[in-house]
Amino acid sequence: MDKLIIHGGRPLNGSIAVSGSKNAALPILLSSILVDGPVHYANVPRLRDIHTTNKLLNILGCEAAFTDGDGNGVRAEALSLVPEAPYDLVKTMRASVLVLGPLLARLGRAKVALPGGCAIGARPVDQHIKGLEKLGARFDLDSGYIVGYCEELRGAEINFDFPTVGGTESLLMASVLARGQTVLRGAAREPEVSDLANFLKVCGAKIEGIGTSTLRVEGVEALHGCAYSIMPDRIEAGTFLVAAAITGGKLLVRDCPADKLDSVLAKLEEMGAVTEKRDEGVFINASSPLLAAQVVTSPYPGFPTDMQAQILALMTLAQGSGTVEETIFENRFMHVPELGRMGADIRLSGSRAVVRGVKQLTGAPVMASDLRAGASLVLAGLAAQGETQVQRIYHLDRGYEQIEKKLLSAGADIFRAKDN
């Protein structure tokens with residue numbers, strides 16, 4: 001098992017390039033099941049979850065693999081589909097449940113293990129199931145598997161109880177091949193959902209309302225292959241912007257999707273950083289003292305829950321007292337005790353963290369409990385005095401492509417080592 005060793009106190013300077021979005025790539029790759037013919041994807045991040053997705057697609061009879069050596073292209077083609085997604089793969093990646101809709105649309109049946117993934121709170125699949133039932137599917141639970149079947153999917157009007165990203169993606173994929181019109185109301189507006197919709201349109205789907213909370217889908221007989229480039233990862237970009245801010249650096253984050261990070265950029269400006277949108281990305285100058293702020297996570301276009309841990313780490317070194325309120329997941333403060341080991345002053349009260357800034361953090365051995373918690377500990381280590389060892393970084397490898405190499409290129413003292 002690997003760990004990251006960080007000697008902090010070095011401002012980040014120079015530039016870092018953003019990889020393709022993991023959260024966009026996963027559903028787009030899984031939607032290959034829907035397509036007749038080969039699909040060529042560009043800008044796919046080489047991450048643990050992506051490799052798991054390719055393995056899952058191969059098991060389902062959709063050939064998928066990286067194509068160009070050390071590059072970021074993937075070729076996928078559904079050749080001989082089978083309906084079962086086994087537990088051994090699904091347990092490692094919650095996004096695997098997204099194959100339910102495509103399998104039902106193509107085969108009329110699906111058997112998918114109940115999902116696993118990060119331990120950051122309940123993320124039920126009931127919105128997927130309820131919506132697919134309205135499209136005509138029926139479901140049973142059999143030994144930890146969701147078993148679905150239908151004669152065909154038919155368009156319907158579906159109202160989400162809340163704007164669920166996974167539920168929106170699942171029903172969007174299912175509805176593109178359903179007979180008639182489907183209307184998704186209260187749909188998630190996240191850019192990754194829009195990227196999926198744009199991909200499906202390139203393949204021949206008929207979708208209106210992309211980027212809004214109401215999606216209208218007119219089912220088509222078939223989708224055709226295409227070439228498509230995955231959007232840049234806005235959460236990775238936000239993480240590197242915070243890395244510059246917490247170290248007092250000056251950094252150009254190349255290929256940063258600035259138009260999809262308005263809430264994060266606004267909060268960094270409020271805390272004292274200066275950001276500048278450029279053609280090649282976003283430049284941040286964080287040479288001024290940091291100021292405390294109040295942050296409340298909310299669905300897009302609000303402040304993203306996937307940036308909560310990172311902004312909390314930044315607040316540990318800000319002047320004054322700030323708060324972070326988590327409204328999306330009920331168990332997403334597992335990084336707080338680890339930050340406390342490094343000298344952070346954080347008090348938890350239900351879904352709110354009160355953060356009092358300290359003059360400095362001190363390096364310590366810490367443990368990542370999930371993907372974004374791991375990112376927050378790396379950020380804290382970059383700013384801390386002394387050595388920080390971040391263990392269980394397999395969580396980080398699920399969502400950040402070669403994070404230590406990118407940070408090293410901008411002046412960080414960081415390297416990967418075996419955890420003995």
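Heavy-atom basis, side chains included; hydrogens, waters and symmetry copies ignored.
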Is any side-chain N of the basic residue among [X] and [Y] closer than 4.0 Å to the acidic one's carboxylate O?
{"X": "Asp195", "Y": "Lys260", "value": "no"}
{"X": "Arg416", "Y": "Asp397", "value": "yes"}
{"X": "Asp259", "Y": "Lys277", "value": "no"}
{"X": "Asp2", "Y": "Lys418", "value": "yes"}

Going by distance alone, is a donor N or O of one side chain under 3.5 Å from an acceptor N or O of the other, for [X] and [Y]?
{"X": "Glu401", "Y": "Asn72", "result": "yes"}
{"X": "Gln308", "Y": "Glu326", "result": "yes"}
{"X": "Glu63", "Y": "Asn58", "result": "no"}
{"X": "Gln391", "Y": "Lys3", "result": "no"}

message: Could you tell me if the side chain of Leu26 sits less than 4.5 Å from the side chain of Met93, heavy atoms only?
response: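 They are in side-chain contact.
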- prompt: For Glu157, what residues pass the salt bridge (Lys or Arg N to Asp or Glu O under 4.0 Å) criterion, not counting sequence neighbours?
  reply: Arg185
Residue list, salt bridge (Lys or Arg N to Asp or Glu O under 4.0 Å) with Arg75, at least two apart or on another chain: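 Partners of Arg75 by the salt bridge (Lys or Arg N to Asp or Glu O under 4.0 Å) criterion, ordered by chain and then number, come out as Glu77.
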- request: Please answer whether the main-chain N or O of Ile6 pairs with a side-chain N or O of Glu387 as donor and acceptor at a distance below 3.5 Å.
  value: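 Judged by distance alone, no pair lies under 3.5 Å.
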- line: Residue pairs passing the ring pair (Phe, Tyr, Trp, His ring centres under 6.0 Å) test with at least one member in residues 38-69, sequence neighbours excluded, are Tyr41-Phe199, His51-Phe66
